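Working notes for the structure below.
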Amino acid sequence: MKTKPPTRATAAETFARRVLMAVSRIPAGRVATYGDIARLAGRPLAARAVGRIVATASRRGLPYHRVIAAGGALGGYGSAIQMKAALLRAEGTLTRGRRVLEFSSRRWPR
DNA sequence: ACCGTGACGGCGG
DNA sequence: GCCGCCGCCACGG
């Protein structure tokens, strides 16, 4: 019997899959930028696409709050931007205003 | 297949 | 530091 699904994996699915995998690997207490994730997923210029994928991702349990904007800016979190800071703070990543403190040393991967 | 949208990024004013 | 502009990409209607 055929167990092979009728839908072949498109390049976009592969990308999205890699994005989610990369996000899941960000350690607690560390952060990665949308651009970093895009690079890890193999599309260095697709930071914007990463934001879209993460924003519409159905998978729960992934540390989306550890994905921030370039330069250490907090970035977005839908309408719960406030919770993003709270979640980061809960694992030791402090923020001030819209900035993640000690961004350079907390950035992942090194 | 075209077009608008967005949890972005970089540069300029 | 706060806009605005434009380039980049994947996705949905």
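Lettering follows sequence order; numbering is per chain, from 1. Reckoned from all heavy atoms, side chains included, excluding hydrogens, waters and symmetry mates. Keep in mind that this is a model prediction, so the values were computed, not measured.
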Whether over 12 other heavy atoms sit under 6.0 Å from A/Arg18 CZ: no

Could you pick out which residue, A/Val54 or A/Gly71, lies toward the 5' side of DNA chain B when each is mapped onto its nearest nucleotide? A/Val54

Within-4.5 Å side-chain heavy-atom neighbours: A/Leu101 and A/Arg106: no

Could you check how far NE2 of A/His65 sits from P of B/dA7, rounded to whole Å? 19 Å

Any heavy-atom pair between the side chains of A/Tyr64 and A/Leu20 that's under 4.5 Å? yes

Just the rounded figure in Å: distance from P of B/dC8 to OH of A/Tyr64. 15 Å

Stretch residues 36-50 of chain A: residues that reach within less than 4.0 Å of DNA chain C through a heavy atom: A/Arg43, A/Leu45, A/Ala46, A/Arg48, A/Ala49

How close or far is atom P of C/dC8 from atom CZ of A/Phe15, stated in whole angstroms? 15 Å

Looking only at heavy atoms, the pair that brings A/Ala32 and A/Ile37 closest together is CB-CD1, 3.9 Å

Earlier contact from the 5' end, DNA chain B, for A/Arg52 and A/Ile68: A/Arg52

Checking side chain to side chain contact (heavy atoms under 4.5 Å, CB included) for the pair A/Val100/A/Leu74: CA distance, chi angles, key distance, verdict? CA-CA 6 Å; A/Val100 169; A/Leu74 200 48; 3.9 Å; yes

Looking only at heavy atoms, what is the nearest atom pair of A/Ala69 and A/Gly75, with distance? CB-CA, 3.9 Å

Integer-rounded Å distance: B/dA7 C1' and A/Ile81 CD1: 8 Å

How many whole angstroms separate atom CD1 of A/Ile53 from atom P of C/dC8? 18 Å

Under 3.5 Å, which donor-acceptor pairs link side chains of residues 45-62 of chain A to any protein atom two or more places apart or in another chain?
| from | atom 1 | to | atom 2 | distance (Å) |
| --- | --- | --- | --- | --- |
| A/Thr56 | OG1 | A/Arg52 | O | 3.0 |
| A/Thr56 | OG1 | A/Ile53 | O | 3.4 |

Check: A/Tyr34 side chain, B/dA7 base, donor-acceptor under 3.5 Å: yes

Rounding to an integer number of Å, can you tell me how far A/Arg98 CZ sits from C/dG1 C1'? 11 Å

Using a 4.5 Å cut-off on heavy atoms from C-beta on, say whether the side chain of A/Leu40 contacts that of A/Pro109. yes

A correct dot-bracket answer for DNA chain C, with pairs being Watson-Crick or G-U at under 3.5 Å, [ ] for crossing pairs and | for inter-strand pairs, is .||||||.|||||

Say whether, by atom type as modelled, one donor and one acceptor occur between the side chain of A/Lys84 and the main chain of A/Val67 under 3.5 angstrom. yes

